[in-house]
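Notes for the one structure printed next.
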Amino acid sequence: MPPDYRGGDTEMQLDGVRTLITTRSLGVLSLAILIGHFAELSQPTFGTDYFYDVRASQKPFFAFMMDGRYLSEMIWHLSWNMFPPTLLFAGGLALLAAAGLIIASMLGVEDKKPAVVSTCMILFFPLFFETFAYHPLRVVVPLGIVVALLAVQAERITITAIGILLTAMLYQSSIYVAMAAVALVAAVRLADGADRRTTAKYVAARATGVVIGIALYYIVTRTVPMLGGYEPARLAQFSQTVASWSDIGETFRKVGAGLSELAFADHHFFPWEVKWLLVALYLLACASIARKSLVSLLLLLATPVLAMGVIWISKTPGMMLSDRIQYPMAFVAAGGFLIAWRYAGRLRGAVLVIGLVVVAIFALQTNIRHQFMYLRNQADIDMSSNIADRLKRLPEYKPGLPLVIVGLTRPDYLPYKIFPYDRKVFGNTTLNSAFSMTWSANRILIFFMDFIPATPADQAVGEADSAGMPAWPTEGSTAIKNGRMIVVLSQ
């Protein structure tokens with residue numbers, strides 16, 4: 001007899017979480033976190049924004065304000081602008097583990113083994129690597145995911161709307177996790193024999209709550225600037241909803257390219273071998289659930305598209321389409337695994353083994369990622385120190401001069417390992433040297449000498465004065481001319 005899905009959603013699903021939380025399951029998850037993230041927990045790495053954060057910490061507002069993440073901004077201020085990286089990372093992983101158990105309970109999984117495996121998939125999923133590289137995001141992103149999942153479990157539309165509003169003010173992409181979760185839950189309910197009308201009401205109530213929450217967020221983003229005079233500039237630039245047939249066509253093309261890239265391309269720290277395993281699990285989930293309900297199959301096929309919802313509001317090509325906002329795909333992969341396990345029958349054991357193989361590969365990749373980040377950071381620090389030493393040895397040097405950096409280094413400047421950098425849709429700034437991007441080229445140098453960033457006029461004059469200078473690290477690649485410090489990285 002199929003489960004009775006009429007009402008009581010929140011209480012029923014919270015009971016499911018309690019069933020999954022045992023001393024053994026928590027112990028296994030803790031051990032998995034320790035093994036998979038041991039290197040990062042013991043020796044934290046960081047993205048180039050860390051150096052900017054240190055210098056910008058005296059400003060009245062953090063970058064969260066530019067993105068309309070007002071609740072994250074509040075957390076940043078309440079923590080005295082300090083982010084102990086290991087503590088934040090441990091807290092973020094605990095929240096992600098909670099999110100993994102919540103999604104397992106939402107899909108009606110009561111067996112602790114697949115729930116733990118799917119949670120580990122989320123904990124080690126490669127699309128979280130860029131998120132983990134930015135210390136302030138280590139807590140606010142997982143917190144946003146948990147709030148979003150709890151919001152769509154609420155029976156009242158008002159509670160869902162408030163939860164979505166809070167989610168948007170933490171990290172907007174977490175809303176797509178909630179949307180994907182609702183689609184997965186609806187698919188499972190129909191496959192279990194739930195009434196279509198009841199399931200439609202379930203989806204409609206959550207969709208209504210999400211729409212109202214987003215509408216409330218829109219009002220907030222218009223009200224806060226009037227009260228505080230601080231415009232969410234990047235949010236306004238990013239949120240350009242498709243508004244014409246040509247936009248819609250381009251969006252479909254980009255969604256297709258993005259899904260193809262995430263499913264088949266040989267990415268850094270996300271090799272094609274493990275992607276094929278995840279695709280196989282998802283296809284098995286589709287085949288298994290199709291025997292139960294064709295509508296369930298359609299919902300399962302739509303789930304990855306919902307998880308990529310950021311593309312639907314990103315009319316600007318390439319604008320902030322990076323790994324750190326595409327993490328909802330982690331929950332698509334975990335959900336596909338759980339559904340494959342639920343309906344695989346005699347193949348459950350094989351599904352569990354494949355899931356364990358995926359987790360083992362992911363755990364290995366997290367430690368490889370740490371090694372890469374550590375060596376990359378060390379190389380950037382050494383280069384910054386050497387540049388500063390050369391400039392300070394020049395007789396014309398004095399603190400506070402404008403710094404002009406001409407050209408950039410190659411993204412793959414590190415000699416010991418070359419990762420695939422050919423990204424078609426999504427980017428990842430944490431892979432690159434700080435000196436390979438214009439906006440971060442001078443960030444690490446703030447620790448080694450006193451300077452002021454070059455104005456556009458300074459940059460133009462400095463580039464003209466750099467004519468004939470060789471590129472770093474050749475002697476003569478640094479100079480002080482016309483009261484400006486010049487560093488030539490490439491010509």
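Keep in mind it's a predicted model, so treat the numbers as computed, not measured.
- Cation-pi geometry between R291 and Y343 is not satisfied (NZ or CZ under 6.0 Å from the ring centre, within 45° of the ring normal).
- Residues P44 and R138 come closest through the heavy atom pair CB-NH1, 4.4 Å.
- Scanning all heavy atoms of the two residues, the minimum distance from A205 to I157 falls at O-CG1, 3.7 Å.
- Contact annotation: the side chain of Q153 approaches that of I102 to within less than 4.5 Å [non-hydrogen atoms, C-beta and beyond].
- You'll find the side chain of L95 stays beyond 4.5 Å of the side chain of I145, heavy atoms only.
- Between the side chain of S440 and the main chain of S436, no donor-acceptor pair closer than 3.5 Å is present.
- S260 places no side-chain N or O within 3.5 Å of a backbone atom of G256 that could act as its donor or acceptor partner.
- Here the two rings, on F89 and F132, have centers that are under 6.0 Å apart.
- F337 is not listed as a side-chain neighbour of L278, based on a closest heavy-atom distance of 4.5 Å or more.
- With hydrogens and angles ignored, the 3.5 Å screen pairs no side-chain donor or acceptor of T160 with any backbone N or O of G209.
- The side-chain heavy atoms of V117 and L338, taken from C-beta on, include no pair separated by under 4.5 Å.
- In this structure, R69 is positioned above the aromatic face of Y171, its NZ or CZ under 6.0 Å from the six-membered ring centre and within 45° of the axis.
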Could you walk me through whether R342 and D192 pass the salt bridge (charged side-chain N to carboxylate O under 4.0 Å, His left out) test, one step at a time?
CA-CA 10 Å; R342 275 202 62 172; D192 286 348; 2.8 Å; yes
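- For the pair K275 and F270, the cation-pi test (distance below 6.0 Å, angle within 45°) is passed.
- With contacts defined as side-chain heavy-atom distances shorter than 4.5 Å, the pair Y217/I164 does not qualify.
- S174 and Y327 form a side-chain donor-acceptor contact under 3.5 Å, judged by distance and modelled atom types alone.
- Across all their heavy atoms, A183 and L306 have their closest contact at CB-CD1, 3.7 Å.
- Not a single donor-acceptor pair under 3.5 Å links the side chain of D323 to the backbone N or O of F128.
- More than 12 non-hydrogen atoms from other residues, nucleotides or ligands lie less than 6.0 angstrom from NZ of K112.
- Aromatic ring centres of H37 and F124: separated by under 6.0 Å.
- In the model, E40 has a side-chain atom that pairs as donor or acceptor with a side-chain atom of T45 under 3.5 Å.
- In plain terms, the two heavy atoms of S173 and P328 that are nearest each other are O-CG, 3.5 Å.
- Taking both residues in full, the closest heavy atoms of G100 and I122 are given as CA-CD1, 3.8 Å, listed atom of the first, atom of the second, then distance.
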